Amino acid sequence: MNSTIKKDFFLKPALQLAKELLGCILVHRTDELELSGMIVETEAYMGPDDRAAHSFQNRRTKRTEIMFHEPGFIYTYQMHTHTLINVVCGEIGIPNAILIRALEPVDGIEKMIEFRKNQPISNLTNGPGKLTKALNITMESYGKPIWLPPVYIKEGIKPEHISSGPRIGIENTGEARDYPWRFWITENKFVSR
DNA sequence: ATCATGATAGCCT
DNA sequence: GGCTATCATGATT
């Protein structure tokens, strides 16, 4: 009874999904190994009206295309030297997504340490670029469903308290900079900052 | 605090 | 085909 999440879990408003993903487990399972961590930090990106979103003003390109499709698919993109992973949400045609910003390591920690060049556990998955490296998630995941292996989300725990605040790394986006659309599990030590 | 890194997109000519 | 910016990170001052 693996508590895999069903597809329609993702069909809900972005801000609600961003909070409900906290405490869920992100898994990368292959034949050889299973790497996983509990989601402890997320950010919502609200398509048409959010200057910080790649899909601002419904910008529809090869990169953002997946966000215009069904919720529950993976939107990955490359940022300098790192891959970042998002979950598409919103109804079809509404290009919203949730960025997964930090995990608390669960399974395969030894392997994660390897992928992360012998960093201490406290520094394995506490950032969006770090967690993809630790779980060996690449651009290959773009457009794949996030309710089925190899990269999928399953049920975890319900956090006691959730905090929210402005998002990170979007200093140059006008008023969108101040929207409190970043969520994290209060007091969790794997939050990115 | 700033800087180098260096994949890819998006936009311009 | 060139130019510029980017939802970061690690190293360095």
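Note on naming: letters A, B, ... go to the chains in the order of the sequence lines (proteins, then strands), and numbering restarts at 1 for each one. Keep in mind that what you see is a predicted model, and the values were worked out from it rather than measured. These numbers come from the heavy atoms of this one structure, side chains and all, not from hydrogens, waters or symmetry mates.
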Do A:Glu41 side-chain atoms and A:Ser192 backbone N/O form a donor-acceptor pair below 3.5 Å?
yes
Pairwise N/O distances under 3.5 Å, protein to nucleotides 10-13 of chain B:
residue: B:dG10; atom: OP1; partner: A:Thr61; partner atom: OG1; Å: 2.2
residue: B:dG10; atom: OP2; partner: A:Thr61; partner atom: OG1; Å: 2.8

Centre of A:Phe9's six-membered ring, under 6.0 Å away, within 45 degrees of the axis: is that where NZ or CZ of A:Lys12 sits?
yes
Footprint string (nucleotides 8-13 of chain C, 5' to 3'): B base within contact, S backbone only, - free, heavy atoms under 4.0 Å:
BSS---
With no hydrogens and no angle check, just 3.5 Å: does a side-chain donor-acceptor pair link A:Tyr152 and A:Arg29?
yes
Please determine if A:Arg167 forms a cation-pi arrangement with A:Tyr45, meaning its NZ or CZ atom is less than 6.0 Å from the six-membered ring centre and no more than 45° off the ring axis.
yes
Within the distance-only criterion (no hydrogens, no angle test), does the side chain of A:His54 pair as donor or acceptor with the backbone N or O of A:Thr64 below 3.5 angstrom?
no
So, A:Thr186 and A:Ser163: side-chain donor and acceptor under 3.5 Å apart, yes or no?
yes
Measure the distance from CE on A:Met139 to P on B:dT8 and round it to the nearest whole Å.
7 Å
Test your reading of the model: is there a side-chain donor-acceptor pair from A:Thr125 to the backbone of A:Leu103, 3.5 Å cut-off?
yes
Applying a 3.5 Å limit to both distances, which nucleotide forms a Watson-Crick or G-U wobble pair with B:dC11?
C:dG2
Could you give the distance separating C:dC7 and B:dA1 at their C1' atoms, to the nearest angstrom?
22 Å
How about A:Tyr77 and A:Tyr75: are their ring centres within less than 6.0 Å of each other?
yes
Given atom CE of A:Met67 and atom C1' of B:dA9, what is their separation to the nearest angstrom?
12 Å
Output yes if the stacking criterion (under 5.5 Å between centres, under 30° between planes) is met for A:Tyr45 over the base of C:dC7, else no.
yes
